[in-house]
Each structure stands twice: as structure tokens, then as C-alpha cells.
Student: 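Okay, here's the structure, questions in a sec.
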Protein chains: 2
Amino acid sequence: MKEGPNIAYIAALIGDPARANMLTALMSGKALTVSELAHEAGVTLQTASAHLSKLQEAELLLPRKQGRHKYFSLNGPEVARVLEGLMGLAAGAGYLRKRTGPKDHKLRKARVCYNHLAGDMGTQMFDSLMEQGHLGLEQERLFLTESGAAFVEGFGIDLKSLQVKSSPLCLECLDWSERRSHLAGSLGRALMSQFEALSWAKRDAKTRVVTFTPIGTTRFEQMFRRL
Amino acid sequence: MKEGPNIAYIAALIGDPARANMLTALMSGKALTVSELAHEAGVTLQTASAHLSKLQEAELLLPRKQGRHKYFSLNGPEVARVLEGLMGLAAGAGYLRKRTGPKDHKLRKARVCYNHLAGDMGTQMFDSLMEQGHLGLEQERLFLTESGAAFVEGFGIDLKSLQVKSSPLCLECLDWSERRSHLAGSLGRALMSQFEALSWAKRDAKTRVVTFTPIGTTRFEQMFRRL
DNA sequence: GGTATACTTCGCTTATGGTCGAAGTATGAA
DNA sequence: TTCATACTTCGACCATAAGCGAAGTATACC
């Protein structure tokens with residue numbers, strides 16, 4: 001029976017390698033120009049322009065003009081979630097694009113997943129918070145405990161401003177490289193921002209790699225030690 | 001940068017209309033034969049066979065042989081979740097396949113979303129449970145309250161057996177036709193099963209439509225009234 | 001064993017859509 | 001105003017993969 005939403009159309013848009021590369025690049029949470037996305041996809045400007053027009057038409061991407069520059073970003077966390085889900089399915093089925101180089105190792109170590117920390121360090125943080133009783137599970141639901149609230153506030157996170165927002169505070173996000181959870185939600189985002197604000201970590205301008213400084217690494221390990 | 005999971009490959013698999021139709025048919029939670037899926041997709045047996053082989057190879061589908069019959073089902077709730085997410089994106093962007101007929105109305109009224117009730121009645125149930133305080137939100141997290149536990153146990157749901165399972169009890173699932181939440185998780189599944197066991201509702205053999213009997217409708221309305 | 005049914009595999013056809021060169025439009029800076 | 005840069009649109013090319021007919025394999029039944 002052919003009724004309901006046309007998932008083939010949306011999936012086919014994501015199913016083109018050039019478009020998939022652009023969407024993946026935008027998982028960094030940054031807005032990129034047409035030129036930058038063309039470079040990400042390894043196609044010419046004109047090809048990228050046609051692709052982006054389609055993705056915009058399908059409301060997967062949001063455009064913004066700044067003078068002669070046109071920036072695109074993912075059209076919200078719902079798109080990111082579907083992309084991450086596809087990543088999980090692809091990784092689970094073994095469809096990984098091999099890349100023998102330092103970047104692959106770095107991507108697995110720490111990377112940004114839309115707006116929060118993912119990879120080995122992302123899952124370490126999640127596991128540590130669980131082990132220290134700062135995050136709890138109730139009926140398989142993730143929540144911040146009282147000790148957790150004190151912990152993150154002590155780290156400089158303004159919980160009050162986070163909790164007035166409509167988006168969830170703590171969300172489990174399945175990490176495709178670790179096959180375990182890392183922390184998403186507004187708290188995950190806030191923690192990532194704080195790492196950057198404290199200069200513990202910085203994002204790579206071109207990729208989703210997050211690089212922690214030696215000091216940042218030490219502090220991170222101290223703060224999110226494993227039992 | 002071309003690293004990480006190959007989402008284009010998985011998305012392209014879903015992006016073919018014949019394969020999308022088969023995956024959508026399997027959202028009913030039922031296992032279907034190659035012949036049935038060929039009919040769903042409107043292609044010949046040989047074409048369907050080739051498509052299903054690809055979906056199986058990608059671990060999106062799970063095969064099971066029974067004599068000369070070969071059944072396929074979705075390879076778990078993770079696949080269903082990605083498909084539902086794609087449905088939400090497609091519906092949100094207006095990519096709906098029009099179908100002026102009784103089935104469209106029925107699909108929106110009540111349908112099965114993998115293993116739980118969706119559509120108008122699915123969201124009504126969710127809203128009612130929230131309004132009556134049987135479901136609660138804590139830090140945007142859904143949980144069953146004490147009154148909710150008593151409520152569903154009074155309806156014949158064995159909560160103890162549900163809670164020993166690893167899958168979440170209460171999950172919000174974004175309903176593509178209503179654009180609001182309906183109840184997923186093991187509780188959502190158990191409630192759907194109970195509606196069937198009590199002969200309040202039955203699933204359509206060919207589609208995802210769930211049809212409530214007049215008595216079932218009355219009981220459902222009484223049980224899940226809106227304030 | 002013969003027939004019917006369910007499914008798989010092979011080979012060929014062809015429609016589709018991504019790609020880029022060329023040309024045009026829009027914005028910024030000197 | 002001119003030149004440089006960013007992006008859009010058009011048209012033609014061609015690689016790819018879905019589709020089906022044909023043939024083969026596997027299972028069920030009489």
C-alpha cells in the first residue's frame with residue numbers, strides 16, 4: 001500500500017554521496033558556505049549548488065545569506081537525529097569508509113556530534129557521570145541527579161537557563177564509533193561549550209574532530225575519571 | 001572529509017521506491033514473505049528478491065525460512081526508529097503520497113507503528129495519560145507514575161515482566177500524521193497487544209491500519225478520555 | 001516421480017540523475 | 001566603474017542501477 005510519507009524521496013536525497021558528505025559535514029553544527037560544502041563533497045560549485053537547492057527544498061537544510069556568502073546549516077536536531085540513526089545503522093552493518101590516517105583515530109577519540117561531544121571521550125564522560133551517580137536511569141530514562149546538578153554547576157554550567165528551554169536536558173545519543181551512549185541534550189551541548197570556553201578543547205575548522213589540549217586532557221581525565 | 005559511516009549507502013537503499021515500500025509495509029511489525037513484499041512494492045518476484053537480498057546484506061532486514069516460505073521482518077526497533085524519523089522529515093516537508101480514499105483516513109485515525117498504536121488514537125491515548133497524571137515528564141523525560149502503574153495494571157498489563165526487559169518502558173515516538181507524540185516502548189507495545197487480546201481492535205492483514213470495534217472504541221474513549 | 005509453488009540468479013535494456021562546461025546574476029572592494 | 005569573488009542556471013553527456021524475461025533451485029503435495 002502506497003500511503004503515508006514518501007520516505008524514498010528523503011532517503012534518496014541523503015543517498016547521494018555528494019549530498020551525504022555535505023550533510024555529514026554539517027553535523028559539526030557549524031554553518032558552511034556553498035563553496036565550503038562543494039569542497040567537502042569534492043564536486044564543483046555548480047554541482048554543489050544544485051544539490052543544496054534540493055536539500056533546501058526538502059527542508060533538510062536552512063539557508064542564510066550574508067552579503068555574497070550563502071550559509072547552510074542543518075534544519076534542526078531532528079535532521080541530525082535521523083542522520084545519526086543512519087550512521088548507527090551503517091556502522092552496525094559494517095559500512096565504514098576506511099581512512100588509514102591520523103584523522104580517523106582523532107575522529108574516534110573526540111568529535112562533535114551536531115552540538116555535543118562524541119567518540120571515546122564522549123562515551124567516557126557519559127560512563128563516568130553514570131558511575132559517579134551524577135546521571136541516573138529511571139525506567140531506562142536518563143536524568144540528572146542532585147549530585148550531578150551540583151557537579152555541573154560547580155563546573156560553571158548555568159542549569160537554570162538550560163531548564164527553561166524546551167529541549168531535553170539529558171539525552172542518550174548512541175555513539176556510532178563506540179556503540180555506546182554519549183551525552184546529548186542541552187546539558188551535553190553546554191558541556192561541550194564549556195570545554196571550548198575554558199580552552200580545554202577546540203574544534204577543527206574543517207572536520208568534526210575535537211582536539212583537547214594537554215591541560216584540557218588532564219583536567220578532563222580528572223573530572224571524568226573511570227572507576 | 002570522507003570518514004565515518006557510509007550513510008549514503010544505507011540511505012540509498014531506503015531511497016528506492018520499491019525498497020521503501022517494502023520497509024514501510026514491515027513497519028506493521030509483521031513478517032512478510034518475498035511474494036507478499038513483491039506485491040507491496042508492485043514489482044515482480046525476481047526484482048523483489050534482488051532488493052530483499054540487498055536489504056538483508058545491509059542488516060536492515062532479518063530473514064527467516066519456514067519450508068519453502070521465506071519471511072522478512074525489520075531487523076529491530078533501531079531500523080524502525082530511523083524509518084519513523086524519515087517519515088517525520090518527509091511529512092514535515094510535505095512529501096506525502098496523496099491517496100484520496102477511505103484508507104488514508106483510517107491510517108490517520110489508528111495505525112500500528114512497528115509495535116505500538118499511532119495516529120489520532122495513539123496521540124489521544126498519550127495525551128490522556130499525561131493529563132490524568134499517569135505519565136509524567138521529568139527533565140523532559142517520560143516516566144510512568146504510581147497512578148499510571150495502577151492504571152495499566154488494572155487494565156491487565158503485567159508491569160513486572162515488562163520492567164525486567166532491557167527495552168525502555170515509556171518512549172515518546174513522534175507521530176508523523178499528528179505531529180505530536182504517541183506512546184512507544186514496551187508499555188506502548190503491551191497496550192497495543194492488550195487492545196487486540198480484548199478484541200477491541202484488530203490489525204488489517206494488508207496494511208498498517210488498526211480498526212477498533214464499536215465496543216472497543218467506546219471502551220477506549222472511556223479509558224482515555226480527554227479533559 | 002510428477003506437478004505446483006516459492007524463491008534465486010543471470011543477462012540485457014533503458015530511464016534517471018549526477019556531473020561539468022558555459023554563461024549569467026549578485027555582492028564586495030578598490 | 002571595473003574587477004574579483006560567490007553563487008545560480010542551462011544543456012549535454014554518460015554511468016548506474018532498477019526492471020523484467022528466462023532459466024534454475026528448493027520445498028510441498030499427491
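Numbered from 1 within each chain, the chains take letters A, B, ... in sequence-line order.
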Student: Check every strand shown and say whether A:Ser35 touches a base, only sugar-phosphate, or nothing at a heavy-atom separation below 4.0 Å.
Tutor: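 Here A:Ser35 touches the backbone only, sparing every base.
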Student: How close or far is atom C1' of C:dT5 from atom OH of B:Tyr71, stated in whole angstroms?
Tutor: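 Result: 13 Å.
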Student: Any idea which of D:dT8, D:dG19, C:dG17 is nearest the A:Lys54 side chain?
Tutor: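 That would be C:dG17.
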Student: In terms of the nearest nucleotide of DNA chain C, which residue is placed more toward the 5' end: A:Lys65 or A:Arg19?
Tutor: A:Arg19
Student: How many whole angstroms separate atom CG of B:Leu37 from atom P of C:dA6?
Tutor: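 It is 14 Å, rounded to the nearest whole Å.
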Student: Which heavy-atom pair separates B:Arg203 from B:Val112 by the least distance, and what is that distance?
Tutor: CZ-CG2, 3.9 Å
Student: Side chain of B:Thr47 only, heavy atoms from C-beta on: which candidate in C:dC20, D:dC20, D:dA4 is closest?
Tutor: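 Nearest listed nucleotide: D:dC20.
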Student: Give me the ring orientation class for A:Phe195 and A:Phe155: parallel if the planes are under 30° apart, tilted from 30 to 60°, perpendicular past 60°.
Tutor: tilted
Student: Does D:dC20 have its OP1 or OP2 closer than 4.0 Å to a side-chain nitrogen or oxygen of B:Thr44?
Tutor: yes
Student: Between the side chain of B:Ser49 and the main-chain N/O of B:Leu45, is any donor-acceptor distance below 3.5 Å?
Tutor: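 Not at all, since once roles are kept as given, no pair shorter than 3.5 Å links the two residues.
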Student: Grab the CG-P distance between A:Leu52 and C:dG17 for me, whole Å please.
Tutor: 18 Å
Student: Touch check for A:Thr33, heavy atoms < 4.0 angstrom, all strands: base, sugar-phosphate only, or nothing?
Tutor: sugar-phosphate
Student: According to a strict under-4.0 Å criterion, is A:Ser53 in side-chain N/O contact with OP1 or OP2 of D:dT8?
Tutor: no
Student: Whole angstroms only, please: what is the CG-P distance between B:Leu45 and D:dA23?
Tutor: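 My rounded result for the distance is 17 Å.
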Student: Where each residue is assigned the nucleotide of DNA chain C containing its nearest heavy atom, which of A:His69 and A:Val43 is assigned the position nearer the 5′ end?
Tutor: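 Whichever sits nearer the 5' end wins; that is A:Val43.
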Student: Salt-bridged, B:Glu78 to B:Arg81, with N to O below 4.0 Å?
Tutor: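 A salt bridge links B:Glu78 with B:Arg81.
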Student: Got a salt bridge between A:Lys202 and A:Glu196, using NZ or NE/NH1/NH2 to carboxylate O under 4.0 Å?
Tutor: no
Student: When you measure only distances, ignoring hydrogens and angles, does the side chain of B:Gln46 come within 3.5 Å of the base of D:dG19 through a donor and an acceptor?
Tutor: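 Answer is no: no donor-acceptor pair is held.
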Student: In terms of side-chain heavy atoms of B:Val34, which of C:dT8, D:dA4, C:dG18 is nearest?
Tutor: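 For the B:Val34 side chain, the nearest candidate turns out to be C:dT8.
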Student: B:Asp16 has an atom CG; how far is it from atom P of C:dA15, in whole Å?
Tutor: 17 Å
Student: Once you round it to whole Å, what is the distance between P of D:dC7 and NE2 of A:His51?
Tutor: 16 Å
Student: D:dA28 P sits how many Å from B:Gln66 CD, rounded?
Tutor: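 That distance rounds to 10 Å.
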Student: How long is the line joining CZ of A:Arg68 and P of C:dT27, in whole Å?
Tutor: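 In whole Å, C:dT27 P and A:Arg68 CZ are 11 Å from each other.
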